[in-house]
Amino acid sequence: MDIDKFPNNQSNPILEDKNENTPYIGGGLPIIEYWAEHTISPEGAKLWQTLLHKSACLSCAWGTGGQKGGFTNEEGEKLQRCMKSVEAISAEIKPAVPASVFTNNTIDELQKLTSYEADRLGRLSFPMILREGKSHYDRISWQEIYNIATDAFQKPPERVASYSSGRSSNEAAYLLQLMMRVLGSNNLADCSDLCHAPSTTALKQMFGSNTSMVSLESLKKSDCVVLTGSNAAYNNPRLMNELIKLRDRGGKVIVINPIVEIGLVKFGSPAFPVKSLFTGSDIANHYLQPIPGSDVALFMGIQKYIIEQGLVKTDYLQAYTEGWEAVLESATSTSWETITTTCGVAKSEIEAAAKVIASAKAVVFSWAMGVTQQANSVDNVFSIANTALLTGNAGKEGAGTMPIRGHSNVQGFGSMGVTIHLKKEIKAALEKLLGRSLELNSGYDTRKLIEAADEGKVDTLICLGGNLFAANPDSTQAKRALSKIDTVIYLATKPNLGHFHGLGKKNTIIIPVFARFENPHKTTSESGNNFVRLSDEGTTHLKDADLISEVEFLTQLAHRLHGKTPINWLQLQDPRYVRQLIAKTIPGYEKMAQIDATGEEFTISGRIFTQPKFPTPSGKAAMFVSPLPDLTMPTPQDFGVSASVPNVVVALITARSYSQHNTVVYKLDDQYRGMPHRNCILMNHKDAENAKLGDRTLVTVQGNAGKLENVEVIYGSVRQGAALMFYPEANAIFKARIEVRSGTPAFKRVPAIVYAQPISTP
């Protein structure tokens, strides 16, 4: 829909399904109220100290901080901290979890905690173990931890594995993959397997580089941004400042999302207190609501219009791309009826968006997990990037492809080689460093790790941050699979559901580590736009805590496993030496060799394309035909529900709430969607009414792996046929389809049935 035709959002038809508890702008005064509440709390002084500390933001990969100061981004702009950052810091500066929580509560009692309740327990401050046959976690000495861990990792290499998240540093990530590969294991599962693996898979094939080709500096030169499958207003708020500035300079924003997120229509940013905070700034010019999983069809429609109007940049395609003829033929030969039926968006709306893209001078195509967490997600990314190439919007200032990463250093982990798909350049450099071949097994990504564990093929698992249990679909399987692993070791700052449900068969060890701003040494991290930040050392507020840095633990364990060969692991306890190895072995990270001497942060070389020359074998971008998806939904009978029971089958989108970071829940409600608690389902009122379900009705929501009961229906601005529930709670009800090329589950299209009555067998 063309929002510009409706300047008063209160009369805008796009918001007609907004419920009475949903505000008319995102951001705004609630952000200021939240800041005020937390900065005058008992931890307020520590909060401000941390906000001002020269360390990278703990939250999303669009964060800020580093050597320019806590509130400053890579371009030197101030006032760039957001509410997500405050939430993350506030959680990390809580007091220590009282020891009595673990001594007085059995594991069965701890398993009754929600994600919100687990996080609010506070900080982990001493190492613990849950032994086989025991009902309580007990304190454990470091010597026993190393003895158990050393023995556990001396299993056959194909039976040991790791899992990691972006909460840690580049240095820890590098050490983790190095230790595992010296063991002979390539089982390096990572949280990115569950989110942006389709982006890296597709972009590597197309452009020879698997990250954003757009820097913050380049984004500022764009006059159009296409934002697909993202709720950046709540998950990456700093990006909203750039969209506000783009609109101010006359640019256009096209939002593609099955749900109307208020903050993507109008957002009140504290960075612009006079013009934006109270009244809100317009974000989307056009808002398209496709059927979940149909992005290929929508972008094929955009391509088809551009072809029909003779607006294809043919000279560009001939000079700088390969495979373009087949892509044009695919779009040309597909009928408009097929396209619009598949994506559920009218031809006129697709054409309006296509006109904006074709007429813009520089377009950035950006996307998040609404695109990547689909059964055809690699094709989704192909189709988006194909559109960029057809319009000549790759390899020039202000244009290109820009996946929006979630966790603050998840991209850094991939750069450091924490992946089963190790780049050949890194592999060759590591083989030279280690003096041995790294022709290892194919390795387990995150879903393959769970499947292998469920089959009894994994003996040992180390988790560097993250929440492997709660991050996976089919919670029953995840819990069962982890229970078949002999030894599970968690490195974490706070308790999470995995520590109570993801329990090893013999030993479950929780190792408390420093938060990023507390580390006794400097560390680095990488933003989603390829900028490397250096975080200063710090101190913890926890008194008498027995914490360790990830770097120290990994080097100590590696030393016990490998001795002094092929490298001196104990020397690497000083991260300066780790950074020297990174500079030698990770392409684009050469400047890491001087960062300790100069403090100079940098953009990774070879990734930002301002010229249409790409690091592929031919130097050209490769284009791929993206077939339309089969979006057939199961019938009520497939769920075992009688046709006589009023019901509706929906494409369920599992998503984070406003105050949530990955699996960590900071607040129970979602004020921007008008959802008062976690056990809600956001539905189109027509879907609900057709199933005789009213607003605030209590229903059952059933997937292919289980059901949730007493779920409250909330009417909202979600397209008909789709619905939304919160992750990770909804994970319990479904076994997700897996995108075979990337291994990523389809969290954003879960077939589910909603009904008010108990099941009646047909």
Side-chain angles (χ1 to χ4, degrees), residues 54-56 66-67 142 146 149-150 153 162 164 166-183 188 409 412-419 422-423 425-436 438 462 464-465 491 511 513-526 532-539 547-602 604-605:
K54 289 185 177 181
S55 57
Q67 293 304 293
W142 289 106
Y146 286 123
T150 302
F153 275 96
S162 68
S164 52
R167 71 154 304 279
S168 192
S169 64
N170 287 331
E171 291 76 15
Y174 187 86
L175 288 168
L176 176 67
Q177 64 86 24
L178 200 63
M179 180 187 78
M180 293 291 291
R181 289 197 165 99
V182 173
L183 283 171
L188 287 148
N409 196 36
F413 268 68
S415 294
M416 294 300 105
V418 181
T419 172
L422 189 63
K423 292 180 180 179
E425 301 90 345
I426 300 177
K427 178 175 175 289
L430 291 179
E431 287 179 332
K432 182 178 180 180
L433 172 70
L434 300 173
R436 59 162 57 172
L438 289 180
I462 184 170
L464 187 60
L491 279 71
I511 295 174
V513 297
F514 293 102
R516 182 174 295 162
F517 53 85
E518 299 172 332
N519 263 310
H521 44 245
K522 295 180 186 294
T523 58
T524 62
S525 58
E526 178 185 323
V532 175
R533 291 189 172 91
L534 177 66
S535 297
D536 280 356
E537 55 272 269
T539 57
L547 309 181
I548 195 169
S549 74
E550 294 102 330
V551 167
E552 181 180 354
F553 179 79
L554 290 170
T555 50
Q556 286 284 354
L557 177 57
H559 173 71
R560 286 166 168 78
L561 291 169
H562 305 307
K564 293 184 179 181
T565 57
I567 54 178
N568 187 338
W569 296 95
L570 289 182
Q571 184 186 45
L572 298 180
Q573 287 194 12
D574 185 338
R576 291 179 298 177
Y577 294 106
V578 182
R579 289 190 276 275
Q580 294 300 313
L581 294 184
I582 292 171
K584 291 179 181 178
T585 55
I586 305 299
Y589 264 81
E590 292 79 9
K591 289 185 178 180
M592 189 74 97
Q594 291 83 40
I595 199 168
D596 284 289
T598 65
E600 183 181 348
E601 299 166 319
F602 59 92
I604 302 163
S605 63

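Numbering starts at 1 and runs along the sequence shown. These numbers were taken from a predicted model, which means no experiment stands behind them.
Put simply, the side chain of E518 gets close to the backbone of A515: a donor and an acceptor are under 3.5 Å apart. With hydrogens and angles disregarded, no donor-acceptor distance shorter than 3.5 Å links the side chain of T585 to the backbone of L430. Proximity of a side-chain donor or acceptor of N568 to a complementary backbone N or O of L570 within less than 3.5 Å is detected.
Interatomic distance, NE2 of H521 versus CG of D596, reported as 11.5 Å (0.5 Å rounding). Atom CG in L438 sits 8.5 Å away from atom CG in L178 (nearest 0.5 Å). With values rounded to the nearest 0.5 angstrom, I462 atom CD1 is found 5.0 Å from F553 atom CZ. Rounding to the nearest 0.5 Å gives a distance of 7.0 Å between CG of L175 and CH2 of W569. Considering NZ of K584 and NZ of K432, their distance stands at 9.5 Å, rounded to 0.5 Å. The CD atom of Q571 lies 10.0 Å from the CZ atom of R576; values are rounded to the nearest 0.5 Å.
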Residues L547, V513; criterion side chain to side chain contact (heavy atoms under 4.5 Å, CB included); working and verdict: CA-CA 5 Å; L547 309 181; V513 297; over 6 Å; no

List the steps and the verdict of side chain to side chain contact (heavy atoms under 4.5 Å, CB included) for I586 and M592. CA-CA 10 Å; I586 305 299; M592 189 74 97; over 6 Å; no

Show the numbers, then the answer: is there a side chain to side chain contact (heavy atoms under 4.5 Å, CB included) between L176 and S164? CA-CA 9 Å; L176 176 67; S164 52; 4.1 Å; yes

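Here the shortest heavy-atom pairing between R516 and S168 reads NH2-O, 3.5 Å. The two residues G588 and I604 have their closest heavy-atom pair at O-CG2, 3.4 Å. Nearest heavy atom pair, residue Q573 against residue V551, reads O-CG1, 3.8 Å. The minimum heavy-atom distance linking S549 with F514 is given by the pair N-CD1, 3.6 Å. The minimum heavy-atom distance linking K522 with E537 is given by the pair NZ-OE2, 3.2 Å. Contact record, M180 with S162: CE-N, 3.7 Å, taken as the closest heavy-atom pair.
For NZ of K591, the number of neighbouring non-hydrogen atoms (other residues, nucleotides, ligands) closer than 6.0 Å is 12 at most.
Using a 4.5 Å cut-off on side-chain heavy atoms (C-beta onward), N409 and E526 make contact. Contact of the L534 side chain with the E600 side chain is not registered, since no non-hydrogen atoms from C-beta on lie closer than 4.5 Å. Proximity of L188 to T419: side-chain heavy atoms (C-beta onward) are nowhere separated by under 4.5 Å. Between S605 and E590 there is a side-chain heavy-atom pair separated by less than 4.5 Å.
A salt bridge is defined here as a Lys NZ or Arg NE, NH1 or NH2 lying under 4.0 Å from an Asp or Glu carboxylate O, and R167 with E550 meets this definition.
In summary, of the residues considered (L554, D574, V578, T555), a side-chain contact (heavy atoms from CB on, under 4.5 Å) with E171 occurs for V578 alone.
Side chains of T524 and N170: a donor on one and an acceptor on the other come within 3.5 Å. For R560 and Q556, the side-chain atoms include at least one donor-acceptor pair closer than 3.5 Å.
The aromatic rings of F602 and Y589 stand perpendicular to each other, their planes meeting at an angle above 60°, with 30° marking the opposite boundary.
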